[in-house]
**Q** 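Pasting a structure here, questions to come.
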Amino acid sequence: MLDHLEFKAPEPKVIAGAKSDWELVIGLEVHAQVASKAKLFSGASTTFGAEPNSNVAFVDAAMPGMLPVINEFCVAQAVRTGLGLKAEINLTSAFDRKNYFYPDLPQGYQISQLYHPIVGEGEIIVDMGPGVARRVRIERIHLEQDAGKSIHDMDPHMSFVDLNRTGVALMEIVSRPDIRGPEEAAAYVGKLRQILRYLGTCDGNMQNGNLRADVNVSICQPGAYEKYQETGDFSHLGTRCEIKNMNSMRFIQQAIEYEARRQIAIVEDGGEVVQETRLYDPDKGETRSMRSKEEAHDYRYFPCPDLLPLEIEQAWVDDIAATMPELPDEKKARFVKELGLSEYDASVLTAEVENADYFEAVVAEAGDGKLAANWVINELFGRLKKDDRAITDSPVNPAQLGAIIKLIKSDKISGKIGKDLFEIVYTEGGDPEKIVEERGMIQVTDTGAIEAAVDEVIAANPEQVEKAKANPKLAGWFVGQVIKASGGKANPKAVNEIVAQKLGL
Amino acid sequence: MSLNKLTIAAARDALKKGDVTSVELTEACLSEIEGAGALNAFVHKTPEIALEQAKAADARLKSGDAPAMCGIPLGIKDLFCTKGVPSQAASNILEGFKPEYESTVTQNLWDAGAVMLGKLSMDEFAMGSSNETACYGPVVNPWKVDERQLTPGGSSGGSAAAVAADLCLAATGTDTGGSIRQPAAFTGIVGIKPTYGRVSRWGVVAFASSLDQAGPMTKSVRDAAIMLGTMCSHDPKDSTSADIPVPDFEAALTGDIRGKKIGIPKEYRLEGMPAEIEKLWEDGIAMLKDAGAEIVDISLPHTKYALPAYYVVAPAEASSNLARYDGVRYGHRAKLGAGEGIVDMYEKTRAEGFGPEVQRRVMIGTYVLSAGFYDAYYNRARKVRALIKRDFEEVFAQGVDAILTPATPSSAFGLGEMADADPVAMYLNDVFTVTVNLAGLPGISVPCGLDAKGLPLGLQLIGRPWEEGDLLNHAHVLETAAGFAAKPEKWW
């Protein structure tokens, strides 16, 4: 079992209506594009941004007589995801057809897994601050095909279709209605995205639509949710609306907030919420109904006769399990426990898998977790942010940063010189140890030299000496002067001691 | 004897001996096809391809390393996608469609050196039992009664007519509910539907994916064995294709069925069945018995539910399979008026492109899958299907080797005769054949006699799954005993 940090559940969000308080109940269906070079049922490439209709196999275009063949790698990715969410893996699953007409759906059906998904129940722990987290149950994960793209704004009279995305593998990850507020919903998506990226099963790129969510929102009176939890009876909850296709965590929060208030207003007015799909308009900050004649679909699901039931072996699942990476919760716990980091620092460093990898490489070199965490979070992240660079694009590699930290730890350079050195390595590159030697940046700990420098400053500033004797706090001024005179190389600890001694403090 | 009248086996031997060339065979067929316009069987002729392939086959034959099908001129059902050649499933909705790929089955045939004479008519999307739903107009059966034109059956009616009229040495067919076996019986030829999964469906326009299988339509059982062997293969491009070795089917034709158990299912004795059919069946039983087989009465209790189940499952799958014909990417697209949108395009395109029988089945299929009806129709039909399969499994478990039934409830009927009839009357043509598709079994139709009008009648043998060799051997014995040698008198 997972070595979680201890946590308690967050309070549900409460919205005050005109007549009473209301709580929210939220469940999400996240569509995550499977990280795979080829599509779910064809060998066509999944590269983003290719020329329209260039990544299309005959079967993707639904040419007559063409047949789907399952991509084993996509199945492995779904299994890996299931294992990452501590979920049940179904050794037998099956594909169904979801039938509807749309120009970017060439077959006239989407191949999906309605009746027998590949992954069953799992869970995600969503961190909501130190010691506070929501346990969100996962109902299922199934594999399905993505649709293509219809383009309506290129020509006043015609629509165009790009089939590059048609047939790309998606995982639909369905949560239980365990989420109790807009912030939790966004944090849930964030946590899921983090896990998927750790697993390497989805790149989590929300801008490109590689991770998008349908958000189900309903409202209920305080206490009603607990009744639902006890009985499993959904009638204790309000009627839900589904907000489709959200690809920003900020918009997810805004949309839920708006939608909850809309529903509260309806119910407090004596009306009834109608179960429907809605779209969020970020410009207007509101959701609106998608309902139209075309939308009133009967999908006529039935088992896809072109595909046999998908049977996988436990041994194959075990092989995948054996190659699972350390996941964010485990990594964070380890950083706190073994490296002595604060929970906050551990969270920051594990947020993105690339950050964690970088940090661990620095620790391997420098051998000091806390110091490494300070340097990575404060210096490196700050500097990268200034340049708007990603960590994967950092001019300072972990070995270099580790070497800088080692120089500080061994008192060869001061922390301040370390920052200068970091800047040199960042802008010019090079081996930190050599730079320190070549440029004479090594800290002076020779007490004779420091004494001479202190004497000089004391002799030149008799007034300051008097003041410092009256107020010992002013001794720091001498320390600063001496270090400045040494070009920052004098060991501050040694200077402190000698200044105090010479001033007779 | 004209070369086009040869069987595959005879042509193979003559080709090997060098008595004849593939070019000569091909030219004989092409010239026969030219004169057979009245049959309306060949709808896209490919003489250039044929002669090129024939020349290549002759070269291969000369080199001495030629497979059995090398140099054999064939007709190909329009349901098979053939690269660069019109392949439109006899439907207006695929007007002008020339695939950029070759179906696995036809590719297997070309790889073995076979020759493509052209594409053969069929019922639109393989939906029909009379070849009257083809967009090319009906195919005419070479067999005639007086001056009345008859149906060759369907859906592989073009294939059946072409083989029966010696326009080609053999043809490909496909069978979803009897579409190989019924037309074979109506035209006095042999047609086998192999075990589901034996033949790749890749590149064959889908009607009902869980039932569709391709097979050969030939002049003899031996020819069926030879050609089936070439058509079969495990195809990784078809997930339902079985990874099972393909035996030498011809080698299985020993003519010895002594001690084999032949089941006679009582449920196939239909009320009101013509006496001639009854008589033919009795004759068949006697022939197999004379050959040393043991005849046993068997029961397949769920048979009466097969036809209704079939007419739920097949249209359901078809309604989904045919959704791709939407006018967006290929084939027919309706002209739209000002202000008309995508829904108008779908509706007009499909209304113009699909004939009435296809529209009927798409609507039935859509209905049985729709919310609220799924369990009552589709799910129930699936359960019935499982029971039908179990009926057969139980009989085979009792040691039955093959089952003998009539192939059709009648001989060929007149073109247009069923035009005003209830569609269900037409569906009844499949009553003896659909069970085999629902159970995924191999079935073969063998011509065994003529009725009083002088029209051919066939018997069906049903075999154990994957035992096509054994099934063909039984058929071979039946064929030999029946000695069916009648040919239609040439009128076209």
Side-chain angles (χ1 to χ4, degrees), chain A residues 41-43 53 56-72 94-111 114-115 148 150 152 157-161 163 166 292-294 296-311, chain B residues 79-81 87-89 94 97 99-101 103-104 197 200-206 208-212 235-241 313 316-317 319-331 338 341-343 345-347 350 365-374 378-379 382:
Chain A
F41 295 113
S42 85
N53 296 309
V56 186
F58 290 134
V59 68
D60 303 326
M63 300 303 278
M66 292 297 94
L67 298 171
V69 177
I70 187 80
N71 176 343
E72 186 181 322
F95 290 97
D96 304 295
R97 291 184 183 177
K98 177 183 182 177
N99 295 283
Y100 65 97
F101 283 93
Y102 205 71
D104 60 23
L105 187 76
Q107 295 168 137
Y109 52 84
Q110 175 196 36
I111 303 179
L114 176 69
Y115 298 112
S150 293
H152 301 297
H157 306 294
M158 290 208 281
S159 287
F160 294 87
V161 177
L163 300 181
T166 304
S292 66
K293 241 196 294 181
E294 288 81 26
H297 283 314
D298 175 354
Y299 291 120
R300 291 172 283 120
Y301 277 100
F302 77 108
C304 180
D306 284 332
L307 293 160
L308 300 171
L310 178 58
E311 309 222 346
Chain B
L79 204 63
F80 292 82
C81 288
S87 306
Q88 64 180 87
L94 276 172
F97 178 66
E100 288 182 45
Y101 45 89
S103 82
T104 299
S200 171
R201 293 184 297 110
W202 193 87
V204 183
V205 174
S209 314
S210 74
L211 300 159
D212 296 343
D235 185 359
K237 291 188 286 188
D238 174 2
S239 306
T240 63
S241 155
V313 172
E317 292 184 18
S319 71
S320 177
N321 283 335
L322 270 59
R324 65 188 57 200
Y325 307 107
D326 56 7
V328 173
R329 297 168 311 288
Y330 49 76
I342 185 69
V343 175
M345 187 174 110
Y346 288 149
E347 289 177 356
R350 291 166 66 83
T366 304
Y367 180 82
V368 299
L369 287 177
S370 57
F373 298 102
Y374 181 85
Y378 185 76
N379 241 356
R382 282 182 86 198

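Throughout, protein chains are lettered first and strands after them, A, B, ... in sequence-line order, and every chain is numbered starting at 1.
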**Q** Counting only heavy atoms closer than 4.5 Å, note whether B:Arg329 contacts chain A via side chain, backbone, both or neither.
**A**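 Answer is side chain: those atoms of B:Arg329 sit under 4.5 Å from chain A.
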
**Q** Looking at B:Ser210, B:Ser239, B:Ser319, which makes the most heavy-atom pairs under 4.5 Å with chain A?
**A**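 Option with the greatest count: B:Ser239.
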
**Q** Please determine if A:Lys98 forms a cation-pi arrangement with A:Tyr299, meaning its NZ or CZ atom is less than 6.0 Å from the six-membered ring centre and no more than 45° off the ring axis.
**A**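 Cation-pi check for A:Lys98 and A:Tyr299: passes.
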
**Q** Side chain, backbone, both or neither: which part of A:Phe58 has a non-hydrogen atom closer than 4.5 Å to chain B?
**A**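 Only the side chain of A:Phe58 comes within 4.5 Å of chain B.
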
**Q** B:Ala371, B:Ala316, B:Gly331, B:Ala206: which one forms the most heavy-atom pairs within less than 4.5 Å of chain A?
**A**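 Counting heavy-atom pairs under 4.5 Å, the top option is B:Ala371.
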
**Q** Which atoms of B:Asn379 come close to chain A, meaning under 4.5 Å heavy atom to heavy atom: side chain ones, backbone ones, both, or neither?
**A**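 Neither part, no heavy atoms under 4.5 Å.
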
**Q** For a 4.5 angstrom cut-off between non-hydrogen side-chain atoms, does A:Arg300 reach A:Tyr100?
**A**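 The answer is no, as the side chains (C-beta and beyond) never meet within the 4.5 Å cut-off.
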
**Q** Which atoms of B:Val205 come close to chain A, meaning under 4.5 Å heavy atom to heavy atom: side chain ones, backbone ones, both, or neither?
**A**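 B:Val205 touches chain A through backbone and side-chain heavy atoms alike.
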
**Q** Can you tell me which portion of A:Asp306 sits under 4.5 Å from chain B's heavy atoms? Options are side chain, backbone, both or neither.
**A**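 Answer is both: backbone and side chain atoms of A:Asp306 are under 4.5 Å from chain B.
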
**Q** Would you say the ring centers of A:Phe41 and A:Phe95 fall short of 6.0 Å from each other?
**A**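 Yes.
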
**Q** Within the 3.5 Å criterion, strictly below it, is a donor on B:Ser209 or B:Asn321 matched to an acceptor on the partner's side chain?
**A**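 Yes, a side-chain donor-acceptor pair sits under 3.5 Å.
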
**Q** Side chain, backbone, both or neither: which part of A:Tyr301 has a heavy atom under 4.5 Å from chain B?
**A**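 The backbone, not the side chain.
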
**Q** Can you label the angle between the B:Phe97 ring and the B:Tyr330 ring as parallel, tilted or perpendicular, going by 30° and 60°?
**A**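 Ring orientation of B:Phe97 relative to B:Tyr330: tilted.
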
**Q** Chain A heavy atoms under 4.5 Å from B:Phe373: which part of the residue, side chain, backbone, both or neither?
**A**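 Contact with chain A: none, neither part.
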
**Q** Given that the side chain runs from C-beta out, which part of B:Phe80 has a heavy atom under 4.5 Å from chain A: side chain, backbone, both or neither?
**A**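 For B:Phe80, there is no contact with chain A at all, as no heavy atom is under 4.5 Å.
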
**Q** If I measure from the heavy atoms of chain A, does B:Leu211 come under 4.5 Å with its side chain, its backbone, both, or neither?
**A**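 Neither the backbone nor the side chain of B:Leu211 comes within 4.5 Å of chain A.
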
**Q** Quick check for you: to the nearest 0.5 Å, what is the distance between B:Arg324 atom CZ and A:Tyr109 atom OH?
**A**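 Spacing of CZ (B:Arg324) from OH (A:Tyr109) equals 4.5 Å.
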
**Q** Checking B:Ala89 against chain A: side chain, backbone, both or neither under 4.5 Å from a heavy atom?
**A**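 Contact with chain A: none, neither part.
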
**Q** For the residue pair B:Tyr378 and B:Ser370, establish whether any side-chain heavy-atom pair is separated by less than 4.5 Å.
**A**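 B:Tyr378 does not reach B:Ser370 side chain to side chain.
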
**Q** If you count heavy-atom pairs under 4.5 Å between each of B:Gly203, B:Ser320, B:Ala323 and chain A, which one has the most?
**A**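 Max contact count across the listed options: B:Ser320.
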
**Q** Can you tell which part of A:Phe101 gets under 4.5 Å to a heavy atom of chain B, answering side chain, backbone, both or neither?
**A**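 A:Phe101 touches chain B through backbone and side-chain heavy atoms alike.
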
**Q** Do any N or O atoms from the side chain of B:Asp235 and from the backbone of B:Ser200 form a donor-acceptor pair under 3.5 angstrom?
**A**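 Side chain of B:Asp235 to backbone of B:Ser200: no pair is present.
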
**Q** For chain B, which of A:Pro103, A:Cys304, A:Gly108 has the most heavy-atom pairs under 4.5 Å?
**A**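 It is A:Pro103.
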
**Q** With a 4.5 angstrom heavy-atom cut-off, is it the side chain or the backbone of B:Ser87 that approaches chain A, or both, or neither?
**A**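 Neither the backbone nor the side chain of B:Ser87 comes within 4.5 Å of chain A.
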
**Q** Hydrogens and angles aside, do B:Thr240 and B:Arg201 bring a side-chain donor and acceptor to less than 3.5 Å of each other?
**A**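 Distance-only check passes for B:Thr240 and B:Arg201.
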
**Q** With distance as the sole criterion, is a donor-acceptor pair present between the side chains of A:Asp60 and A:Thr166 under 3.5 Å?
**A**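 No.
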
